[in-house]
Asks: 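Provided herewith is a single structure, encoded as structure tokens, for subsequent inquiry.
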Amino acid sequence: MVASSKRTPLTFLVHATVLFLVVLWTIPTAGLFISSIRDKDQLSVSGWWTALSTSEQRLVTRAYEPKSQVQQGDRFVIRGNLLEGGSGEIARFGFSSLKPEAYAVGDVAEMKKGRTLQVNANGDYVLSSPTEWKGSRGQRIFYTAEVPPRFTLDNYREVLSAEGLGQSFINSLTVTIPATIIPILVAAFAAYALAWMRFPGRALLIAGVVGLLVVPLQMSLIPLLKSYNLIGEFFGVGSKTYVGIWLAHTGFGLPLAIYLLRNYISGLPGEIIESARVDGASDFDIFRKIILPLSFPALASFAIFQFLWVWNDLLIAMVFLGNNQEHLVLTGQLRELLGSRGGNWEILTASAFITIIIPLLVFFSLQRYLVRGLLAGSVK
Amino acid sequence: MADVKLTHVKKIYSNKVEVLKDINLDIKQGEFIVFVGPSGCGKSTLLRMISGLEDISAGTLEIDGQVVNDIPPALRGIAMVFQSYALYPHMTVYDNMAFSLQIAKVSKDDVDQQVRKAAEMLQLTPYLDRLPKALSGGQRQRVAIGRAIVRRPKVFLFDEPLSNLDAALRVATRMEIANLKESMPDSTMIYVTHDQVEAMTLADRIVLLSAGNIEQVGSPLELYEHPANVFVAKFIGSPAMNILPCRIEKTGEQTEVSLSAKMSVTAPITTQASEQSKAAFFGIRPEDLSVVASEEEGFLSGTVSFIESLGEATLLYVQVPGCEDMVIAKESGTLSIQRGEQVHLSTAPEKMHLFDDNELSYRR
């Protein structure tokens, strides 16, 4: 105690390392979030770390068409604003794509045939010509603008509605919540029985559960799907339904769930359970009133695992749920977007952030149980 | 309220290990019985068999005249207090005590009345809303006892209830248990301990177990004054009784035994003529030995090889020529004897014990 309260160089090293790790873990998430709320034009020209500074954009616009010209004395004038009411400041401008930054604001650019172009910092421009402007299209004006940072939820609005991410979000929840609750319920019962009830073949069952831990799930995909097809045919329903994927996730999650929970529950003091038995409690009473409340940390920690695992799963969803819009989960949707909207960073970052928001919430609300539940069972 | 009767009770584990061999015991209603014995003697197993937490391999267990071998713990009319208290950590003191009644679907008012009565009795009323983790060890133990009381059992079972408490608290709680027994004179209590002080102070009768057998059953003073065999003699009393191998020289109403070539002693214990010249064991308690001035007055002589001064008493470890083990003498107060000094020890003849070569007492 005395030694640890002293600030040794090692303490500083530890703190520095922790800080480093925290920063290392936080930066990508923060970057993703900031990118997702930036204006899509700004996002495409600069990184998220410049989000708070004004960005320099090279833009081109067309001046008003010749029909809006006004005659002032002997000159024909077209007036307008490059920024069209938006905020920002013009630094340089030009009229040729070869020299887009030829003139500073305030200068008068001499064009051909005695025509002139003047641009002010606030975007006001004056095109002036000794002869009448002709043609149907306006003069092109190139300019470099300093645009202040702009944050928007438009990206989210777009992905949630137009890109179908909202539906996928619901689909993901529909898959994940039952696929988390069902295995926990089953596993808690099984774990209690395997830990505290005496029946023949118990050791073999435990060995079987441990054995199932090492079965790769890819191996069982085809047999499972075949049996689903068979059963679905028998009942006259499709094989790729939510019930199917719930059962699949339950099956794949159960061995680990039973193993973890059994370790925890068998570590509970036996005298408590014996005491309850003497008090007249049946096995179900003991399970419900003693075991369940006491193993809440273990249940919560497994719930986090199972939730994150199911939420992030792509393979099982692809195999057991199919690709149509009403079944597509978030991971699947994200993969589709990568293909179809690969260049649209604002779409991708917003989608990605929507995908990670639930895992983050789950983690932060239950994280204290995560560590406790993981340690429990291993250390008595 | 209930007698407990064990007839030829055995416990054999699946690997053929016999941990309890033919236990016969008759416990009367209202008795305070203490099972005592060294670790691993089977005393806790016996208690757990009475409670129903362990199966009975052979023999019958009767509570209140009814054979309860196959009746589950809850229906045997027993309540158990565990060594680790075994409180439900997520429930308040009130809920801990009410648990068994709620399971039994007793009406809410009755539960409340019972719990408050028990809490009153154990001075737990201010703590009813606390969780066990907010209580001290002694309070936890009282909650465990309260949990037993509310069930109104015929038989209370205590499994080393004091061994998790510190020394001071142990004495206080011991007295509380004694008071509890006094306030409930009709209930039978069975108490397991390895601590002989607890056994001596609490018990009406002590059951001394060793290696799965009952060595002796009797009141604390019976066991102290008339141990049935060498094991009991050595187990009861601290420091343990001195046991010296000897040979019977003269039989009759007064038996003369020789401890070594030079030393012999006559004890007022009757032996048969057939015992003549047999090997035997002579026993004398350290507190019954006293230092005397001359060799003629004493019957044992030797050199002091070690002295332990406890303040209230002094322990002398005396090396007697011809004896393998050192003889321990306990003198009250402090002594001016130095290490290496020659001392002579004497005793009152009626304090002597004599055991035959099977370690059984001649005084039967």
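In this text, all values refer to a predicted model and were calculated from it rather than measured experimentally.
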Asks: In terms of heavy-atom pairs under 4.5 Å with chain A, which of B:S100, B:A104, B:P73, B:A148 leads?
Replies: B:S100

Asks: To the nearest 0.5 Å, how far apart are NE2 in B:H90 and CD1 in A:I272?
Replies: 8.5 Å

Asks: Whether the side chain of A:E271 engages the backbone of B:S84 through a donor-acceptor N/O pair (distance < 3.5 Å, no angle test) should be reported.
Replies: yes

Asks: To the nearest 0.5 Å, what is the distance between CZ (B:F99) and OG (A:S275)?
Replies: 8.0 Å

Asks: Mark yes or no for whether B:Y88, through its side chain, and A:A276, through its backbone, hold a donor-acceptor pair below 3.5 Å.
Replies: yes

Asks: Report yes if the side chains of A:E274 and B:M80 come closer than 4.5 Å at any heavy-atom pair, otherwise no.
Replies: no

Asks: Which answer fits B:L87, side chain, backbone, both or neither, if we ask what part of it has an atom under 4.5 Å from a heavy atom of chain A?
Replies: backbone

Asks: Under a 4.5 Å heavy-atom cut-off, does chain A meet the side chain of B:Q102, its backbone, both or neither?
Replies: neither

Asks: Just jot down the ring-ring contact (aromatic ring centres under 6.0 Å, His included) partners of B:Y13, sequence neighbours excluded, or say none.
Replies: none

Asks: Given B:I103, which of A:D279, A:I286, A:D285 fulfils the side chain to side chain contact (heavy atoms under 4.5 Å, CB included) condition?
Replies: A:D285

Asks: Nearest 0.5 Å, what's the CG-CD1 distance between B:L53 and A:I273?
Replies: 11.5 Å

Asks: Do B:R76 and A:V278 come within less than 4.5 Å of each other through their side chains, counting heavy atoms only?
Replies: no

Asks: Quick check: are there more than 12 heavy atoms from other residues, nucleotides or ligands sitting under 6.0 Å from CZ of A:F199?
Replies: yes

Asks: Taking atom OH as the centre, does A:Y259 end up with more than 12 heavy-atom neighbours from other residues, nucleotides or ligands that are less than 6.0 angstrom away?
Replies: no

